[in-house]
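In this chain, residues are counted from 1 in sequence order. Indexing begins at 1, ligand by ligand and atom by atom, following the structure's order.
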Amino acid sequence: MNQPLDVAILGATGAVGQRFIQLLDGHPWFRVREVVASDRSAGQRYGDAARWVLPGNPPDAVAELPVLPLDAALDSPLVFSALPGDIAESVEWRLAQAGHVVCSNASAYRMHEHVPLLLPEINADHARLIEVQRRVYGWGGGLATNSNCTSAPVAMSLAPLRQFGIEAVMAVSMQAISGAGYPGVPALDITENVIPYINGEEPKLETEPRKMLGTLRESTVDLLDCVISATCTRVPVLDGHLVSVSVRFAEAVGEAALREAWASFRGPDPVPDLPSAPDQPVVVRTEPDRPQPRRDRDAGGGMSAVVGRLRPDPVIGGWKYLALAHNTVRGAAGCSILNAELLVACGYL
Ligand code: NAP
């Protein structure tokens, strides 16, 4: 690109919004020009409105930006959304209608038939739904989503194994505190504790990977024909969602073939060459006690999923392993930025 593309961030003061600002600092293609948040923050300088929870300070250029209200007319052609799902529903559609390309973290449109649920290494071809949107809705913009933060490590670790015929999956998550946003879970609830329930999370984990791993037809995606059973828990970890995954395949498959499928997985062109793509989307650890959130969440700059502890599962009749991904990077802002890079590479922006 000759000149960086201006971007706006909705929900810029929250946990995911801050991660966008951190990851976009010095980005070769994109430059943060507009930040949007609630009425609580609108009108203030970003540096004053945001309670910055990441290391260091927000970049100076962003700290000086005025926080815009949700109904502001935006100039940026590309909009990243880190809004709560209920608020995202009306705003994101309106912005796509107004000609913006919106890359969203919110759940509102993830399962919409004409909206791609993108994780580029897995399903870059689903980006063609942007053309379907333009035809069906007559808009010049577009709307693309990325998955729930727990679906990311599950879908990334399953994608290289699709070739063996995935029939059934059981997933038990151990999700980090930052997944609940800021200020999130009260210290009195999460300290020295595990909370065995996260509102609305299990249905997402049982459906979103099936769409990401599904097949693009003319104008919709056929979900992968498999059943997923999910249990989601919150644990006292700052960042990084760890998931215990058991999977049954249609065909008999050995340990070496599974490891090789993960290690050689790269994703289709042009994804490996996009600025935010990690060298290795799925990193395989062979130590008996990895992956661990604190030690492995930053693999590939937080963009790799890390798998390990592969062993037979006698109950499901297949294999079980642990998968980990950084929830605000690969599970949110980082994936959204990679999605936008893919849309640029495809000519939609
Ligand atoms: P968060 O920390 O609570 O941040 C919410 C953001 O939305 C803040 O900037 C807030 O602005 C803004 N906001 C809230 N109500 C608003 C309103 N009525 N009008 C305009 N702006 C409003 O939440 P988060 O964790 O960043 O999550 C953001 C989205 O990403 C959610 O849809 C979430 O499900 C999704 N997501 C989160 C993660 C994760 O790991 N955290 C991962 C994947 C997806 P103020 O500061 O002004 O209130």
Is the shortest distance from a Lys or Arg side-chain nitrogen in E131 or R135 to a carboxylate oxygen in the other one below 4.0 Å?
-> no

Could R33 and D75 be called an ion pair, given the rule that one side-chain N must be under 4.0 Å from one carboxylate O?
-> no

Does a donor on one side chain sit under 3.5 Å from an acceptor on the other, for S157 and Y321?
-> yes

Do we see a donor-acceptor contact under 3.5 Å between the side chains of S178 and D239?
-> yes

Contact residues of ligand 1, where a non-hydrogen atom lies under 4.0 Å away = G11, A12, T13, G14, A15, V16, A37, S38, R40, S41, L70, A82, L83, P84, G85, I87, N105, A106, R110, C149, S178, G179, G181, Y182, N327, T328, G331, A332

Would you tell me whether H114 and Y137 have side-chain atoms, one donor and one acceptor, within less than 3.5 Å of each other?
-> yes

Side chain to side chain donor-acceptor pair (under 3.5 Å) contacts touching residues 264-276 (sequence neighbours left out) = S276-E341

